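Residues: numbered from 1 along the sequence shown. Everything quoted here is computed from the prediction, not taken from an experiment.
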Amino acid sequence: MSKTNKNSLYVLIDKSKLGKRFFKKEKNIFTLNKYILNKFERKKINHYFPNPIIVSSNAESLLLKTNKAKNLLIDNLKKFKVVNQVKDFDELLDPFLEIKISRFFYMQEIIPDFEYYILIKKNKWIKYSKKIDLLIAIDYLYSDNKTRKLSYIDRYSEIRGNLFFNSVLYFQSFLLKNLLFKNRKEVYLISDSKVYFLDYLKSKFISEGKSIIYFCSSNSYIRIIKLIFEQLIKLIFWKEFKEVGFFLLPVSKNYNFNFISNVNSTLLDERFYNYLIKQIYSNLSTTFNFTLYLEKIFRSSKIKKSFFHSVRFPDLFSLSRVLSQKNKNVYLISHGSQTTQKNGQANLLASKSIGIGLAFSKEKKIGLLSQSHFCDDYLDSLDKKYSKINFINNKKASTKKEINIKKRNKRTQILYVGTVKELGARRYYYESSPEFFGSIFEIYKKISKYKNIFELIVRIRDVPNEINVEILNNAFEDLKDFITLRNDTSLDKEIENCDCMISYSSTVLEEGLENKKPVMCYGLPEYNHLINYENIKKQKTQRIHFKKNNLQLIEDCLQKKFIYKNLPPRNLDNIY
């Protein structure tokens, strides 16, 4: 190898534009997990990737470190009165900073030290002599909204308003105000048209003769133009509409939040800190702009009730606040598995981070609706007022055509559902991609000797640059006697078909229990999402579709307990 190659690390984020020739010469290559590269690509290179055991053992300390840095930054910002232009700005920034800072600390830890770094994404190669410059460049790949293929977290990290945005927002404001004024039916607003339980609520309310207005988070030009066209057609030709969507886009108008460049931090690298401050500025400015825009639209609003699955980040944060100032019928419905965590600082921080903006809010005018015993207990532990509703997370608006699962064999089917956060975000209470693969291999090592008894069905959504069908096949191609990868059926169908479920901290844990399936929390980090419910025993009348000793065998092998749906009935306040 040349001297440059010996001292250089190729950091491979996206290999889609790389040919086989790249891997034929010996070089140092880093990937976000081992299985991004196949056996051929790994053969001649020096491959660096995160060790899942080391990563998981450091997860708790990184959560504590992230929380300390996040809180110090927020406390420093509180000193400036101008920040109060955005009410509850600390709640707005908390999830954003949790994700950004945890990603930074994770990447700083897993990328080895070299003299030079060459960042590769598709056909772009950029050389860096300092690791901090590399880390900022990687984060910017996920934050640059010029690509328009952003995670929800990074969507408002950079203000890029333009004439098109300003024009369509102005036109939409005119259309929506007239649509709401013209409509005679009760209007219900929902925070999305499809995610979680909202497709069910939309269908239900429309069937009851109500009009639905929903927020569309897409920033696709095609989708935006389509929504404007639908608004125009409905305004011209319909006196009353069944449903109509609307969008929010950042505008170029900024506000004076430049003062925050004077805030200092001793826990973050100065270069990353200055980079992060610009994104905080963008989030605050965008939130302020959204608030002004939405107040004009809903000033004389006819919105009867509003339902949110989240009140996080500038768009839904602004929308929920504006509507809650107009009337009291604004509700946040819990949709994750928010649980009480009584032991240890890291567990308490984890439960708060999962719950903020998803199960509770500082805005007292937003009503909290709890779907489950777990969320009831969690909100009780915070001394929050809330209403109990029926479990609607697994209700569907309509039955879609399903691809039939092959006829069951005699083996007990274990459904494993993974929830991985990109770039190792939200340490400890969610898995990184190497931890996910490590967890599956641990299950295989401990249970595969009983592969004539068990089959492990693995379901996980794609994670950009870290998990897709090709990467999963690279990892599990030699384990298909025990592991089955399947995404050609709905998750509901998989839950119905399986005998028991394993996950780390996915929302499907509650869905599994509602479907009377035994569920288990299992993963490499020490966080246990349902630890306070492990002593719940199976009712004598509760049926399971496999022999009891099979269930016990899984517990013995993994040294974890299954949780059963064996809790007293809830006295509901509302039924949806």
*Distance only, no hydrogens: is a donor on one side chain within 3.5 Å (strictly under) of an acceptor on the other, for Glu363 and Ser320?*
no

_Test item: side-chain donor near acceptor, Asn46 and Asn28, under 3.5 Å_ = yes

Is the backbone of [Y] close enough, under 3.5 Å, to the side chain of [X] for a donor and an acceptor to pair up by distance?
{"X": "Tyr429", "Y": "Arg426", "value": "no"}
{"X": "Glu60", "Y": "Ser57", "value": "no"}
{"X": "Thr286", "Y": "Asn283", "value": "no"}

Are [X] and [Y] close enough for a salt bridge, meaning some N to O gap below 4.0 Å?
{"X": "Glu422", "Y": "Arg103", "value": "yes"}
{"X": "Glu470", "Y": "Lys15", "value": "yes"}
{"X": "Lys100", "Y": "Asp154", "value": "yes"}

Whether [X] and [Y] hold their rings parallel, tilted or perpendicular, with breakpoints at 30° and 60°:
{"X": "Phe476", "Y": "Phe437", "result": "tilted"}
{"X": "Tyr416", "Y": "Phe436", "result": "tilted"}
{"X": "Phe290", "Y": "Tyr156", "result": "perpendicular"}
{"X": "Tyr533", "Y": "Phe374", "result": "perpendicular"}

*Mind checking whether Phe30 and Phe114 have ring centres under 6.0 Å apart?*
no

*Contacts of type side chain to side chain contact (heavy atoms under 4.5 Å, CB included), residue Phe272, not counting sequence neighbours*: Phe104, Ile132, Ile136, Leu268, Asp269, Tyr275, Leu276

*Can you list the residues that meet the side chain to side chain contact (heavy atoms under 4.5 Å, CB included) rule with Thr31, with sequence neighbours excluded?*
Leu12, Ile29, Ile36, Leu37, His47, Phe49

_Counting only heavy atoms from other residues, nucleotides and ligands, does the tally under 6.0 Å from CD of Glu555 exceed 12?_
yes

*Of all pairs that satisfy side chain to side chain donor-acceptor pair (under 3.5 Å), the ones with a partner from residues 346-361, not counting sequence neighbours*: Glu91-Ser361, Arg321-Ser361, Asn347-Tyr428

